[in-house]
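Given the structure is predicted, the values throughout are model-derived calculations rather than measurements. Below, each value reflects all heavy atoms present in this structure, side chains not excepted, and no hydrogens, waters or symmetry copies.
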Amino acid sequence: MQLTGLHVYPVKSMYRLSPDTAEVQPWGLAGDRRWMLADPTGRFVSQRENAALGQIRPGLLPGGALALTAPDGSRIEIAAPTPAAGDPVADVEVWGTRFRATEAAKEAHLWIEEHLGDYRLVHLDDPRARPVEPEYSEPGDTVSMADGFPLLLTTTASLDRLNELIAAEHPEEYEPLPMTRFRPNVVVGGAEAWAEDGWRRVRIGELTFKVVKPCGRCVVTTTDQETGERGGKEPLRTLAKHHRLLRKAAFGQNLIPERPAGVEGDVLGTLRLGDDVEVLEDGAHWPADGR
């Protein structure tokens, strides 16, 4: 098995970057979801509420700065705010977990309002501020502003199998779904379909990861990541029938990186396209009913 895809999402729910290499930090790939939009209550905003987020193209600039480009060509560069510089700190929330993030400059909010709505752009200055769900982690595990875990893994074989099922049951509606619908961080080729459901620990290149929980899927998977168009019942309809784990239509597995012996600091190592992937620990597949 090999690593065939790497994806970083600088702003939660916006378009992806797909580098050939990516540094791994304890809370995810470097630059992944350190920014997000929050509504006036502080709750995160995603493509679930506003599919147009996926059409904003982000870029990572030196010094942690961010560039955003809208479909009409409008572009803005935004410096990374920090509390030390006196930038305002906001109380924000992702799936019930509240933590502190730093607000971007007013000009960024005005640009976001013009293109997306009444949202604030915030930056996670301290990626240690948000713990991973305790049931699936160890003390000290933290995550960026991703939905719940540092990385998401998918496999090309499982996508192929899902597309086969959709084509067999609904040929009149069938169009092959691309992997981008599932917004993974790492994509593995060479596995058997659904094999990842039994993985418990894997090595990718020089790094090891705990495989901690299947990823329950939502309406974002019905959204074309290239056009922003939402439509149809797939893949949720077929996943709900053929691949239901922990009471949810599931696709992909969540990962938490392990710190290599002797490595200190924020960078644990680097992933590269073509890296070998090895299953270090396997187990029973996750149950459909959650028990």
Kindly work out whether a path of hydrophobic side-chain contacts (I/L/V/M/F/W/Y, heavy atoms less than 4.5 Å apart) joins L37 to V122. no
H123 vs E103, test: side-chain hydrogen bond (donor to acceptor under 3.5 Å, both in side chains). Steps then yes/no. CA-CA 6 Å; H123 179 257; E103 293 190 19; over 6 Å; no
So does N163 get a backbone contact from the side chain of R161, meaning a donor-acceptor N/O pair under 3.5 Å? no
Compute whether any side-chain donor of one residue and acceptor of the other, for E164 and Y174, lie under 3.5 angstrom apart. no
I'd like to know if F251 and L165 are part of one continuous hydrophobic network [Ile/Leu/Val/Met/Phe/Trp/Tyr, side-chain heavy atoms within less than 4.5 Å]. no
So, for A104 and I78, which heavy atoms are closest and what is the spacing to 0.1 Å? CB-CG2, 3.9 Å
Whether E93 side chain and W95 backbone form a donor-acceptor pair below 3.5 Å: yes
For H243 and D197, which I'm curious about, is there any donor-acceptor pair between the side chains at under 3.5 Å? yes
Without swapping roles, check the side chain of N50 against the backbone of Q47 for a donor-acceptor pair under 3.5 Å. no
Check for me, please, whether V143 and I256 land in the same ILVMFWY cluster - side-chain distances under 4.5 Å, paths through other members count. yes
Partners meeting ring-ring contact (aromatic ring centres under 6.0 Å, His included) with Y119 (sequence neighbours left out): none
Considering non-hydrogen atoms only, spot the tightest contact between A67 and R75 and give its length. CB-NH2, 3.4 Å
Side-chain heavy-atom pair T21, L271 within 4.5 angstrom cut-off: no
Are V211 and L151 connected in the hydrophobic side-chain network, where two residues link if heavy atoms are under 4.5 Å apart? yes
Are any side-chain N or O atoms of R217 and backbone N or O atoms of T221, one a donor and one an acceptor, separated by less than 3.5 Å? no
Between Q225 and R183, a side-chain donor and acceptor under 3.5 Å: yes
Salt bridge or not between R98 and D91? Use side-chain N to carboxylate O under 4.0 Å. yes
Between D282 and R201, is there a side-chain heavy-atom distance shorter than 4.5 Å? no
Just by modelled atom types, is the D275 backbone N or O under 3.5 Å from a matching donor or acceptor in the R272 side chain? no
Donor-acceptor side-chain pairing of T238 and E234 below 3.5 angstrom: yes
Looking at T222 and G231, would you say the former's side chain and the latter's main chain have a donor-acceptor pair under 3.5 Å? no
Closest contact, heavy atoms only, V45 versus S13: O-CB, 4.5 Å
Say whether, by atom type as modelled, one donor and one acceptor occur between the side chain of R16 and the main chain of P10 under 3.5 angstrom. no
May I ask you to decide whether K213 forms a salt bridge with E135, counting only side-chain N to carboxylate O separations under 4.0 Å? no
Is it the case that atom CD in E278 sees more than 12 heavy atoms from other parts of the structure closer than 6.0 Å? yes
Taking the basic N atoms (NZ, or NE/NH1/NH2) and the acidic carboxylate oxygens, is any pair closer than 4.0 Å for K210 and E281? no
Which distance, rounded to the nearest 0.5 Å, do you find between the NZ of K248 and the CG of L236? 12.5 Å
Distance-only polar pair, side chains of N185 and R33, donor-acceptor under 3.5 Å: yes
Could you tell me whether a side-chain N or O of Y9 sits under 3.5 Å from a main-chain N or O of P58, the two making a donor and an acceptor? no
Salt-bridged, D147 to R48, with N to O below 4.0 Å? yes
Donor-acceptor contact below 3.5 Å, side chain T223 vs main chain G228: no
Should the pair D266-R128 be classified as a salt bridge under the 4.0 Å nitrogen-to-oxygen rule? yes
Nearest heavy-atom approach of E258 to L268 is O-CD1, 4.0 Å
Using side-chain heavy atoms (C-beta onward) and a distance below 4.5 Å, is V24 in contact with F209? yes
Within the side chain of D224, is there an N or O that forms a donor-acceptor pair under 3.5 Å with the backbone of E229? no
Nearest 0.5 Å, what's the NZ-CD1 distance between K233 and I166? 13.5 Å
NZ/NE/NH1/NH2 to OD/OE distance under 4.0 Å, R181 and E175: no
Mind jotting down which residue pairs meet the salt bridge (charged side-chain N to carboxylate O under 4.0 Å, His left out) criterion with at least one end in residues 34-46? Sequence neighbours excluded, please. R43-E49
The test is side-chain hydrogen bond (donor to acceptor under 3.5 Å, both in side chains); show your working for E23 and T270 and say whether it passes. CA-CA 4 Å; E23 290 183 341; T270 300; 4.8 Å; no
